[in-house]
Amino acid sequence: MALGFDLVGICDAAPPQSLPVLENWIAHGMHGEMEYMATSLPLRADLNTILPGVQSVIAVGLNYYQEPPQSDVKIARYALGRDYHKVIRGKLKKLAGVLSQEFPDHQWRPAVDSAPIMEREYANRAGLGWFGKNTCLINSHRGSWFFIGTLLTTAVLPYDSPAQGGCGTCRACIDACPTGAIVQLDGNWQVDARNCISYLTIEKRGEFSEKQSEQIGDWTFGCDICQEVCPFNQPRDSQPLRAQITQEPDFLKVRRFPSLQQLTQTSDDDWDELSQSSPIRRARKSGIERNALANLKNKH
Ligand code: B12
Ligand code: SF4
Ligand code: SF4
């Protein structure tokens, strides 16, 4: 694909159908302290709040899979290289430029992760993948190791069909999750963020309780377990695209981390250098120090 995306599809900009799923998740407190998930609910209900007159959503997928380096600092694969927000937004802007040649007057807005858009649903509707029990969007040929980006546009485009697929009787991720964070809520599988290592190591602010400190185990930033065990992420002769190493050069520029011990007390300058253009900046210096301390404690 010319811009380097691994998946692309288009759907209409009609309101999200899974809003009740999100509302229920929030009503049960499963968003933990991510207050922005609750306050942005009204924005998520209508893409016109982001781009007035929006007609179409171009959803893209970008593979980030790679083997993590040998280190006692365990970082989830999505965060090993350059910040995906910047990488994907740059590519989406180029895509908008290409579209402008055919639709010179169209208005557009790129979004990845941080905008109040129910990205998994729109990506599903655009044909990129289906919802796994671990709640990740899974593409039957590529698995789930991909980011989702969207380009909203006022142009009317031809639409793809929603992706079809499912986990069947598999429950590998539910059994493998060390904290039991994948739970059923009114018939839908959801992640209770309060018990999710990814949430605890990235989004949770302040000190850990004793339980939380133990829950994170040896993960310093994020968690990949429910994707590592997924059969759709295991390559086979007939499915060579699964767990293929990313071809995005910015993701392959893997940051070198100091030891866990050093991470517990980084200077402001060192932190600045380490977290520059990296997703780990999200956890803040104090969060990474807290995580590294808990990792060290969990080793003994
Ligand atoms: C909040 C958030 C988190 C939270 C909560 C995770 C969660 N599962 O909700 C935490 C911090 C724990 C987290 C962790 C991770 N995240 Co996150 N996260 C988000 C964010 C900002 C919002 C997700 C959200 O709305 N959650 C609320 C719940 C209720 O929604 P949901 O799980 O997405 O489920 C939707 C669908 O599954 C669907 N659905 C589910 N059941 C049903 C049933 C029916 C009938 C229907 C119609 C629909 C439906 O509707 C739900 C609501 O839209 C999105 C970006 C975005 N703007 O969407 C990224 C996003 C989901 N995260 C992403 C990633 C990569 C991760 C991690 C892998 C990072 C890591 N390695 O640590 C983990 C994976 C953990 C996991 N198993 O989900 C990617 C996922 C890509 C993919 N292929 O799925 C996203 C899309 C970011 C991006 N732009 O690429 N994340
Ligand atoms: S990211 Fe880790 S803690 Fe969170 S649901 Fe998946 S396996 Fe469980
Ligand atoms: S591990 Fe199994 S149950 Fe979990 S998402 Fe993958 S296929 Fe579905």
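Note that ligands are numbered from 1 as they come in the structure, with each ligand's atoms numbered from 1 the same way.
Taking all heavy atoms of L22, D186, I225, I117 into account, the minimum distance to atom 57 (N) of ligand 1 is reached by I117. Of the listed options N134, I148, D113, D113 places a heavy atom closest to atom 60 (C) of ligand 1. Atom 15 (C) of ligand 1 has its nearest heavy-atom neighbour, among A123, S198, P20, G187, in S198. When the options M37, R120, E119 are ranked by their closest heavy atom to atom 7 (C) of ligand 1, first place goes to R120. In this structure, of F146, W145, W219, the residue bringing a heavy atom nearest to atom 81 (C) of ligand 1 is F146.
At least one heavy atom of A115 sits under 4.0 Å from some atom of ligand 1. Residue Q227 places a heavy atom under 4.0 Å from ligand 1. Q190 counts as a contact of ligand 1, since one of its heavy atoms falls under 4.0 Å from the ligand.
Seen from the ring of F131, R120 does not count as a face-on cation partner, given the 6.0 Å and 45° thresholds.
Among the backbone and side-chain atoms of C223, an N/O/S atom is found under 2.8 Å from atom 2 (Fe) of ligand 2.
Only the backbone of C223 comes within contact range of ligand 1, with a heavy atom under 4.0 Å; no side-chain atom does. At a heavy-atom cutoff of 4.0 Å, ligand 2 is contacted by no atom of D224, backbone or side chain.
The single protein non-hydrogen atom nearest to atom 4 (Fe) of ligand 3 is C173 SG, 2.3 Å, given as residue, atom name and distance.
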